[in-house]
Amino acid sequence: MPSDRPISELFAQGRPLRSLEFFPPKDEAGVEALRRTAAALQRIGPDFVSVTYGAGGGTRERTAHVSALLRDEFGFTVMPHLTAVNNTRAEVAAVAEAHYARGIRNIMALRGDLPDGSAATTAFKDGLRFGSDVVALLLELHPDLCLGVGGYPEKHPEAPSFEADLVNLKRKVDAGASFITTQLFFDNEAYYRFVDRCRAAGMGVPIVPGIMPVLSLKQITRITDMCGASLPDRLIRRIEAAGDQPEIIEAVGIDWALAQIRDLLDRGAPGYHLYILNRARAALTLAAGLAA
Ligand SMILES: Cc1cc2nc3c(=O)[nH]c(=O)nc-3n(C[C@H](O)[C@H](O)[C@H](O)COP(=O)(O)OP(=O)(O)OC[C@H]3O[C@@H](n4cnc5c(N)ncnc54)[C@H](O)[C@@H]3O)c2cc1C
């Protein structure tokens with residue numbers, strides 16, 4: 001199979017790209033479910049799919065396996081994620097080399113979430129400490145890799161200020177990242193402000209909005225607590241009004257995400273990245289809604 005096209009070439013076509021994020025399942029039953037999801041999603045033809053990587057390398061083999069599966073069985077352009085936390089430079093390089101040998105040319109380069117309770121200073125083994133270090137390492141190995149990095153419209157939770165976080169984001173772009181995918185957000189104004197500030201700081205790469213359709217108040221409260229994204233009161237009221245009926249909450253979540261995506265594309269976003277949690281339904285419903 002030939003090597004993948006760099007995603008930067010797809011962005012250069014100037015049309016909005018749709019990407020979907022999977023996580024590597026824990027067992028064979030989960031992998032079978034993922035196969036069914038992937039088969040259902042083939043019909044909407046995502047421009048690329050990404051596969052998360054457990055911080056610390058806990059999913060090293062599973063991320064590689066699922067990435068190969070999505071690429072070889074379904075023909076998707078795959079962007080595996082790769083994180084630095086608790087890994088040496090040699091360990092991270094070995095994972096990247098294995099992807100490269102398979103023909104993968106796109107990687108999401110990240111520091112990774114710190115394991116619970118670990119101090120930032122103890123989680124890094126030999127100097128591979130920030131997302132920018134991962135970008136530099138990977139491009140040193142293979143300058144033709146296309147790298148995405150994470151961006152935080154509402155500030156990374158550990159950053160002392162928005163300005164400091166922007167300076168650090170620019171380090172990743174200056175190190176050679178081709179595009180930024182944002183942390184999930186529910187208020188588009190946060191994204192527009194973020195893009196304006198990135199542009200003013202001299203970052204010209206595509207900034208892809210990350211969207212997650214809400215499935216339950218409990219789930220979304222846990223996720224937003226962790227990543228620092230704010231939940232608009234209007235969205236909370238709608239979810240509360242749905243009571244404990246999952247299908248209504250799902251409909252509310254899809255409706256909100258659809259309105260977000262329509263507005264983002266109308267206002268020139270370079271596409272959208274869906275955090276689909278290995279489920280096909282929301283992505284398919286959104287694709288149908290956007291086709292209207
Ligand atoms: C699109 C996307 C996908 C993700 N996928 C995964 C995944 O698969 N697996 C996973 O574990 N996590 C994932 N995450 C979460 C991510 O790993 C965490 O948000 C993590 O805490 C930060 O990673 P980063 O690469 O953005 O970090 P960095 O860019 O390194 O930033 C981390 C913090 O350090 C600061 N910083 C950066 N550089 C410097 C510097 N030189 N000096 C001082 N401070 C600095 C930043 O301001 C920020 O506060 C993802 C996040 C996003 C947005």
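Because the structure is predicted, anything quoted here is derived from the model rather than measured. Read the numbers this way: they start at 1 and go in the same order the structure lists the ligands and their atoms.
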Next on the checklist: As an exercise, identify every atom of ligand 1 less than 4.0 angstrom from a heavy atom of T181.
Outcome noted: 1 (C), 53 (C)
Checklist entry - Counting each atom of ligand 1 from 1 as listed, which ones have a heavy atom of R171 under 4.0 Å away? => result 40 (C), 41 (N)
Checklist entry - Could an N or O of ligand 1 be found under 3.5 Å from any N or O of Y152, whether backbone or side chain? => result yes
Checklist entry - Hey, does G112 come in under 3.5 Å of ligand 1, counting only N/O atoms on both sides? => result yes
Next on the checklist: Could you check whether any heavy atom of Y275 sits closer than 4.0 Å to an atom of ligand 1, since that is the contact criterion I want to use?
Outcome noted: yes
Item to check | Under-4.0 Å heavy-atom contact between protein and atom 36 (N) of ligand 1 | outcome: yes
Item to check | E189 bridged to R267 by N-O distance under 4.0 Å | outcome: yes
Checklist entry - Taking only heavy atoms of G150, which atoms of ligand 1 are found under 4.0 Å from at least one of them? => result 53 (C)
Checklist entry - Are R171 and F130 in a cation-pi setup, meaning NZ or CZ lies under 6.0 angstrom from the ring centre and within 45 degrees of the ring axis? => result no
Item to check | Between H156 and Q183, a side-chain donor and acceptor under 3.5 Å | outcome: no
Checklist entry - For ligand 1, is there an N or O atom under 3.5 Å from any N or O atom of T182? => result no
Item to check | Candidate with minimal heavy-atom separation from atom 14 (N) of ligand 1, of L169, L110, D165 | outcome: L110
